[in-house]
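Inspection log for the structure reproduced underneath, given as structure tokens.
Here is how names work: the chains are called A, B, and so on, in the same order as the sequence lines, proteins then strands, and each is numbered from 1. This structure is a prediction, so every number in the text was calculated from the model and none was measured.
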Number of protein chains: 2
Amino acid sequence: MKYSEFDEIIPDLKMDICRKAYLENRDKIRIKKEELVVKNLGKIFDATLEIGILKGFQAMTMRDLSRVSGLSMGALYSYFSSKEQILTVYLGQGRKIIREVLERFIMEEALPAERLRTAVQVHLFLTEKMQEFFFFSYMEAKNLSSKERERSVQGELNTEKMFEEILVDGQESGGFKKQNPTLTASVIKAMLQDWYLKRKKYAKRNVHVDEYADFVMAFITPFCIHE
Amino acid sequence: MKYSEFDEIIPDLKMDICRKAYLENRDKIRIKKEELVVKNLGKIFDATLEIGILKGFQAMTMRDLSRVSGLSMGALYSYFSSKEQILTVYLGQGRKIIREVLERFIMEEALPAERLRTAVQVHLFLTEKMQEFFFFSYMEAKNLSSKERERSVQGELNTEKMFEEILVDGQESGGFKKQNPTLTASVIKAMLQDWYLKRKKYAKRNVHVDEYADFVMAFITPFCIHE
DNA sequence: GTCTATACACAGATAGAC
DNA sequence: GTCTATCTGTGTATAGAC
């Protein structure tokens with residue numbers, strides 16, 4: 001699969017986050033017209049991401065957010081009861097959407113070697129599509145409440161677990177070399193994270209996500225798979 | 001080399017940072033007794049690191065810093081003229097010390113394969129020894145002034161460049177497989193960064209830094225070196 | 001539903017006593 | 001050199017007009 005194909009298949013994730021955020025927080029949001037809420041949540045989340053990436057969530061003021069989103073301070077507080085809640089809801093819903101997409105794509109493949117390739121590709125393609133969100137999410141995880149932070153860490157561990165299972169499966173059903181699957185999954189994940197944490201570096205070097213995916217596969221193959 | 005050996009050879013880096021910070025900022029620091037300044041800079045930097053890791057530098061207040069460091073607000077401001085300056089001086093001096101140590105250890109080796117192993121080990125050992133500093137430095141780089149942030153990015157690129165040079169050298173003088181040295185250096189660095197960014201995860205799994213170093217070498221060897 | 005104006009708390013920074 | 005007390009700006013959050 002190429003990124004261009006993936007990009008066409010995948011739905012509008014931004015809007016999904018907003019709609020899900022509305023549905024799960026209807027009781028807390030004072031505004032009632034669904035269309036309006038979804039539209040304004042979009043403005044709020046976009047602005048949060050933009051400012052948050054630039055100077056961090058803590059340093060973002062509600063006045064900043066008001067200015068960039070185009071909503072007044074008063075309006076913002078009829079969607080969220082606190083600044084902290086914006087972060088919690090945004091990152092929480094994003095995490096759910098991401099998990100859904102990852103699971104949907106990766107479950108399709110049967111052979112371990114193909115599942116490994118697909119997992120690497122889908123992970124990279126998804127982080128390419130939502131690079132800013134992933135970056136922001138990574139950097140701001142520590143500012144979440146301990147309960148939410150725990151969930152965030154767990155989400156990362158699940159991704160790693162998925163790679164570990166593919167590796168164990170490959171070792172058992174043949175074709176994969178014997179190695180420590182936990183550590184291997186861990187460093188594969190580190191390579192994938194570099195793509196969204198250092199996006200600008202790769203852009204400057206004109207490395208396309210398809211090229212990076214191929215490279216990562218070429219790198220891990222001689223260690224993981226008999227040839 | 002084992003981490004335990006490295007740990008014994010290496011000087012007291014914390015104190016080096018404080019002493020260097022004093023020497024380069026004598027004009028800006030209102031206190032004049034060297035011994036006293038170095039001691040109090042130690043308290044200030046330790047407290048900054050402790051609070052900064054917990055909730056981020058932006059969220060740390062000068063009152064927090066006063067409480068944890070044991071110095072009054074007034075005293076803090078006779079060492080630094082602003083909160084921002086504490087970050088700039090601390091990260092800047094840390095970066096210099098780190099570069100010195102890296103260069104000193106890695107220049108010793110002659111053969112590319114040995115230099116690669118040493119570079120991996122020294123990098124991991126250094127980040128193990130100063131894990132909190134590296135973590136903090138990574139997370140707070142975006143809060144630096146644009147000039148200082150540029151230096152920070154450049155520091156990372158230099159590390160990568162070092163790996164790239166070892167790889168190119170190995171390819172030219174034989175023994176290393178032909179591959180893209182820039183991308184290879186990039187993912188090696190990603191694996192090394194994971195060690196200090198996810199320190200707690202590895203601690204929970206009882207993975208020692210020596211084991212991780214061996215694993216990283218085992219992982220990159222079949223891709224980089226003819227066997 | 002959205003706005004402006006404002007309350008109130010707390011941040012960074014400084015003055016001046018000791 | 002270090003402290004306490006205090007100034008002043010800015011932050012989050014709300015009240016109430018439209």
### Task
Mind running a 4.0 Å heavy-atom check of residues 14-28 of chain A against DNA chain C and sending the residues that fall below it, in number order?
none
### Query
Would you call the rings of B:Y90 and B:F133 parallel, tilted or perpendicular, where under 30° means parallel and over 60° means perpendicular?
perpendicular
### Message
Would you call the rings of B:F6 and B:F125 parallel, tilted or perpendicular, taking 30° and 60° as the class edges?
### Response
tilted
Specify the separation, in whole Å, of atom [atom1] of [X] and atom [atom2] of [N].
| X | N | atom1 | atom2 | result |
| --- | --- | --- | --- | --- |
| B:R30 | C:dA13 | CZ | C1' | 11 Å |
| A:L41 | C:dT2 | CG | P | 11 Å |
| B:Y79 | C:dA13 | OH | P | 18 Å |

Say whether [X] and [Y], considering side chains only, have a donor N or O and an acceptor N or O under 3.5 Å apart.
| X | Y | value |
| --- | --- | --- |
| A:Q193 | A:E156 | yes |
| B:T61 | B:K83 | no |
| B:T88 | B:E148 | no |

### Message
Between A:K55 and B:K142, is there a side-chain heavy-atom distance shorter than 4.5 Å?
### Response
no
### Message
Would you say the rings of B:Y196 and B:F135 are close, in the sense that their centroids are separated by under 6.0 Å?
### Response
no
### Query
Taking protein heavy atoms under 4.0 Å as touching, what does nucleotides 3-18 of chain D look like 5' to 3' if B marks base contact, S marks sugar-phosphate-only contact and - marks none?
BB-B----BBBB----
### Message
If we ignore hydrogens and angles and just use 3.5 Å, is the side chain of B:D194 paired with the main-chain N or O of A:A190 as donor and acceptor?
### Response
no
### Query
Are OP1 or OP2 of D:dG1 and a side-chain N or O of B:N40 less than 4.0 angstrom apart?
no
### Message
Just to be sure I understand the rule, does A:F80 reach a base, reach only the sugar-phosphate, or reach nothing, if contact means heavy atoms closer than 4.0 Å?
### Response
nothing
